[in-house]
Amino acid sequence: MRDQIRRSMPLFPIGIVTKLTELTPRQVRYYEQQGLIQPARSEGNQRLFSFNDVDRLLKIKSLMEKGVNIAGVKEVLQQEDLQKAREQQQLQEAALSQPAASKASRSPISDTQLRRLLKRQLSELSARPNQSHLIRGELSRFFH
DNA sequence: GTTCTAACA
DNA sequence: TGTTAGAA
C-alpha cells in the first residue's frame, strides 16, 4: 500500500495537468469547484495535483465524452469512492484476522483468503467496466 | 511566464 | 464553457 501514498503525492501544477489530460484550466478548476477532485495547494495558493488527481480527471473526461453530465459524474465517482473504501476495509480486516507471526512472513494472508478476496474484486471489476484503465496504464509510464 | 479568482458584449 | 481583467 506504499504505492498509494506515492500516487497521492502533490506534484504538478495545472499547466502540466492540462497537457496530460487535454482539459482546459477552466474545466479543471470547475471540476474542483464541483467537488470532483481535491488537489493540494502550494504556499502561493497554486494547485498541486497528484497522480491520483490526474487519474481522476481522465476518468471524468472519459465520462463527459460519453455524454454524462456533472451530476452523473459525481454519482459515479462517489459510488466508486465508496467501493474503494469497502475494498480497503476488507483488506484491513483480512490483515487483522491474521496471527502476528504470519504478518511478519512473506504471506500476509492465507492462500484461501487471498483467493477469496481476488475472486470478489475481479467480479466487482468486471461488473463495472472502466475504459480509463487503459489510459491510466499509459500514463503510469511517466511516473514509473 | 504561470496561475488564481471573479465576472460577463 | 470560453474568455478576460487584475493581482500574486
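We name chains A, B, ... by the order of the sequence lines, and we start the count at 1 in each one.
- A:Gly15 comes within contact range of the sugar-phosphate backbone alone, with a heavy-atom separation under 4.0 Å but no base atom that close.
- Within 6.0 Å of the CD atom in A:Gln34, the count of heavy atoms belonging to other residues, nucleotides or ligands exceeds 12.
- Counting heavy atoms of neighbouring residues, nucleotides and ligands inside a 6.0 Å radius, atom CG of A:Leu82 exceeds 12 of them.
- No chain of hydrophobic side-chain contacts below 4.5 Å, direct or via other Ile, Leu, Val, Met, Phe, Trp or Tyr residues, connects A:Leu20 to A:Leu48.
- Between B:dC4 and A:Arg47, a contact under 4.0 Å exists linking OP1 or OP2 to a side-chain N or O.
- Here the shortest heavy-atom pairing between A:Phe12 and A:Val17 reads CD1-CG2, 3.8 Å.
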Worksheet item: How would DNA chain B look in dot-bracket form, 5' to 3', counting Watson-Crick and G-U wobble pairs with both distances under 3.5 Å and writing | for bases paired to another strand?
Response: .|||||||.
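- In this structure, A:Asp81 contributes its side chain and A:Gln78 its backbone to no donor-acceptor pair below 3.5 Å.
- Side-chain contact check for A:Gln83 and A:Arg86: at least one donor-acceptor pair (N or O, by modelled atom type) lies under 3.5 Å.
- Nearest heavy-atom pair, A:Val54 versus A:Thr21, reported as atom, atom and distance to 0.1 Å: CG1-CG2, 4.0 Å.
- Distance, A:Glu32 CD to B:dC4 C1': 11 Å, rounded to whole Å.
- Looking at the side chain of A:Asn45, the nearest of the listed nucleotides B:dT3, B:dC4, B:dA7 is B:dC4.
- Once you apply a 4.0 Å limit to the heavy atoms of chain A, the touched nucleotides of DNA chain C run 5' to 3' over C:dT1 to C:dT3.
- Between A:Tyr30 and A:Gly44, the residue anchored nearer the 5' end of DNA chain C, judged by the nucleotide with its closest heavy atom, is A:Tyr30.
- For the pair A:Thr24 and A:Gln46, both in contact range of DNA chain C, the more 5′-proximal nearest nucleotide belongs to A:Thr24.
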